[in-house]
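Counting starts at 1 for both ligands and their atoms, in listed order. We're numbering straight along the sequence, starting at 1.
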Amino acid sequence: MNKPIIRTEKLTKIYENGYQTVALQDVDLEIPRGSLSCIMGPSGHGKSTLLHLIGGLDRPTSGKVFLDDLDLTAIDANRLAEVRCRRIGFVFQFFNLLPMLTVLENVEIALMLAGVPPKEQHERARELLALVGLEDKHHARPNQLSGGQRQRVAIARSLANDPDILLMDEPSGNLDSKSEQELLRNIENVNQQGKTVVIITHSPTVATVAQRIFYIQDGRLKNE
Ligand SMILES: Nc1ncnc2c1ncn2[C@@H]1O[C@H](COP(=O)(O)OP(=O)(O)OP(=O)(O)O)[C@@H](O)[C@H]1O
Ligand SMILES: [Mg+2]
């Protein structure tokens, strides 16, 4: 069997702000390479915490996260940032697009940050926007787009560093069902290009495209 691209071992996160919140406890999880997986579960039960830990955005209280053979909990902050920048793309629930820039510029700036040579940024941004069906919106600003279109810009942008893992936190949380369907087609398209995709979702529709569903309750992984 293929080795998983992400594996966690007894992953635990306890937040301390005056009192303790056990957000995640002893989670052992394996994400197959090239798969499309969903993380589901009630609000406040640890899903975003888990996604942030496997993406190296935060550190666990205890336990380990392996990206292939690399233990993300054993490397320093600089190295972690470098791994994130090279291998992982994030899509957040609330887009985080830069409002003063056009759609094309939002993607170009991500390419610049990913170290793509200036001469290639423009062409590559056009390619990424074509991938999410936004070739006619290059010059629009985010506030001139629908929620679904903004989310698709966020996906194009998250692919700037050509990551092999795409982590999405409720990408369709604000969308109507038609926009959600369109977004799903884009996500499946990205997955079919060989990227491993992990989506946190409350949506049964999104869950139908997943090859694997992880259910988190009270900070623990429930057995399927
Ligand atoms: N930075 C933080 N400091 C303290 N507690 C936190 C912090 N972030 C999250 N928590 C707590 O940890 C628990 C898990 O939060 P998390 O954001 O992972 O939930 P979630 O499953 O993503 O919920 P939702 O579906 O509402 O997004 C919650 O009780 C939350 O209040
Ligand atoms: Mg969350």
Side-chain angles (χ1 to χ4, degrees), residues 4-31 35-67 72-73 76-77 80-81 84 88-97 147-148 150-155 157-158 163 165-177 179-180 183-184 186-187 190-191 195-224:
I5 191 163
I6 296 168
R7 183 166 66 82
T8 69
E9 257 179 37
K10 294 206 169 312
L11 200 61
T12 299
K13 178 73 178 181
I14 302 172
Y15 292 107
E16 310 229 18
N17 318 23
Y19 58 95
Q20 292 192 337
T21 305
V22 181
L24 211 62
Q25 197 167 12
D26 291 330
V27 170
D28 292 331
L29 179 85
E30 289 192 354
I31 295 176
S35 62
L36 196 164
S37 311
C38 279
I39 299 175
M40 301 188 82
S43 174
H45 281 232
K47 302 179 301 295
S48 295
T49 299
L50 175 61
L51 201 75
H52 293 168
L53 292 174
I54 64 183
L57 281 177
D58 197 3
R59 301 273 195 181
T61 306
S62 61
K64 291 182 184 305
V65 179
F66 291 94
L67 187 56
L72 295 186
T73 61
D76 68 22
L80 187 60
R84 247 187 353 247
I88 302 175
F90 290 96
V91 175
F92 299 100
Q93 186 175 3
F94 296 108
F95 322 126
N96 294 320
L97 300 176
R150 287 182 214 190
Q151 199 55 286
R152 285 189 273 149
V153 180
I155 294 177
R157 188 185 54 178
S158 73
I165 303 166
L166 190 59
L167 303 177
M168 310 176 112
D169 198 344
E170 296 190 46
S172 66
N174 301 304
L175 305 183
D176 62 49
S177 65
S179 309
E180 182 174 63
L183 186 76
L184 271 184
N186 292 141
I187 294 173
V190 166
N191 175 239
K195 300 194 189 300
T196 303
V197 181
V198 183
I199 312 172
I200 294 179
T201 188
H202 290 284
S203 160
T205 314
V206 175
T208 58
V209 303
Q211 292 134 24
R212 183 167 297 203
I213 297 176
F214 300 103
Y215 197 78
I216 297 285
Q217 190 165 23
D218 290 322
R220 292 179 179 272
L221 180 67
K222 280 193 24 179
N223 290 327
E224 290 134 89

Colleague: Extract all donor-acceptor atom pairs below 3.5 Å that involve side chains of residues 49-58 and protein atoms in other chains or at least two apart in sequence.
Modeller:
residue, atom, partner, partner atom, Å
Thr49, OG1, Tyr15, OH, 3.0
Asp58, OD2, Lys13, NZ, 3.4

Colleague: Just to be sure I read this right, does ligand 1 sit under 4.0 Å from the backbone of Thr49, its side chain, both, or neither, counting only heavy atoms?
Modeller: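 Contact part for Thr49 vs ligand 1: both backbone and side chain.
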Colleague: How close does the nearest protein non-hydrogen atom get to atom 17 (O) of ligand 1, and which residue and atom is it?
Modeller: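 Minimum-distance protein heavy atom for atom 17 (O) of ligand 1 reads Ser48 CB, 3.8 Å.
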Colleague: Kindly give the heavy-atom pair with the smallest separation between Met168 and Ile187, and that separation in Å.
Modeller: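 Distance-wise, the nearest heavy atoms are SD-CD1, 3.7 Å.
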Colleague: My understanding is that only residues two or more places apart in sequence, or in another chain, count here; which of them pass salt bridge (charged side-chain N to carboxylate O under 4.0 Å, His left out) with Lys64?
Modeller: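 Lys64 satisfies salt bridge (charged side-chain N to carboxylate O under 4.0 Å, His left out) with Asp71 once adjacent residues are dropped.
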Colleague: For Thr201 and Ala207, work out which heavy atoms get closest and say how close.
Modeller: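 Closest pair (atom of Thr201, atom of Ala207, distance): CG2-N, 4.4 Å.
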Colleague: Quick test: of every protein heavy atom, which one is nearest to atom 4 (C) of ligand 1, and how far off is it to 0.1 Å?
Modeller: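 Protein heavy atom with the smallest distance to atom 4 (C) of ligand 1: Tyr15 CB, 3.3 Å.
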Colleague: Could you identify the single nearest non-hydrogen protein atom to atom 13 (C) of ligand 1 and state the distance to 0.1 Å?
Modeller: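 Here the closest protein heavy atom is Gly44 O, 3.5 Å.
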Colleague: Going by chain and residue number, what protein N/O/S atoms come nearer than 2.8 Å to the Mg ion (ligand 2)?
Modeller: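 You should have found Ser48 OG.
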Colleague: Taking only residues two or more places apart in sequence, or in another chain, which ones meet Asn191 in a side-chain hydrogen bond (donor to acceptor under 3.5 Å, both in side chains)?
Modeller: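 Expected list: none.
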Colleague: Testing the basics here: between Ala154 and Val91, what is the closest heavy-atom pair and its distance to 0.1 Å?
Modeller: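 Shortest heavy-atom contact: O-CG2, 4.0 Å.
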Colleague: So, for Asn186 and Arg152, which heavy atoms are closest and what is the spacing to 0.1 Å?
Modeller: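 So the two residues come closest at OD1-CD, 2.7 Å.
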Colleague: Only heavy atoms of His202, strictly under 4.0 Å: list the atoms of ligand 1 that pass.
Modeller: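 Answer, ordered by atom number: 25 (O).
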Colleague: Less than 4.5 Å apart, side chain to side chain, heavy atoms only: is that true for Ile31 and Phe214?
Modeller: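 In short, these two side chains touch, coming nearer than 4.5 Å.
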Colleague: Taking all non-hydrogen atoms of both residues, which atom of Leu11 and which atom of Pro60 are closest, and how far apart?
Modeller: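 Minimum heavy-atom separation between Leu11 and Pro60: CD1-CB, 3.6 Å.
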Colleague: Considering heavy atoms of the protein only, find what lies nearest to atom 27 (O) of ligand 1 and give residue, atom and distance to 0.1 Å.
Modeller: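 Checked against all protein heavy atoms, atom 27 (O) of ligand 1 sits closest to Glu170 OE2, 3.6 Å.
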Colleague: Side chains of Pro171 and Leu183: closer than 4.5 Å at any heavy-atom pair?
Modeller: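 Heavy-atom side-chain distance check passes, below 4.5 Å.
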Colleague: When only distance counts, is Ala23 in polar contact with ligand 1, meaning an N/O pair under 3.5 Å?
Modeller: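 Not met; the criterion fails.
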Colleague: State whether any protein heavy atom lies less than 4.0 Å from atom 31 (O) of ligand 1.
Modeller: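 So far as the 4.0 Å threshold goes, atom 31 (O) of ligand 1 is out of reach of every protein heavy atom.
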Colleague: So, is Lys47 polar-close to ligand 1, with some N/O to N/O distance under 3.5 Å?
Modeller: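 N/O-N/O distance under 3.5 Å: yes.
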Colleague: Among all the protein's non-hydrogen atoms, which is closest to atom 26 (O) of ligand 1, and how far away is it?
Modeller: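 Here the closest protein heavy atom is Ser43 OG, 2.6 Å.
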Colleague: Do you know which two heavy atoms are closest between Arg84 and Phe90, and how far apart they sit?
Modeller: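 Scanning both residues completely, I find the closest heavy atoms to be CD-CE1, 4.1 Å.
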Colleague: I'd like to check which ligand 1 atoms, numbered from 1 as shown, lie under 4.0 Å from a non-hydrogen atom of Pro42.
Modeller: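 Close to Pro42: 21 (O).
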Colleague: Would you mind telling me if ligand 1 is within reach of the side chain of Leu50, the backbone, both or neither, using heavy atoms under 4.0 Å?
Modeller: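 Looking at Leu50 and ligand 1, no heavy atom falls under 4.0 Å.
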Colleague: List the steps, then state whether side-chain contact (heavy atoms from CB on, under 4.5 Å) holds for Val22 with Ile14.
Modeller: CA-CA 4 Å; Val22 181; Ile14 302 172; 4.2 Å; yes
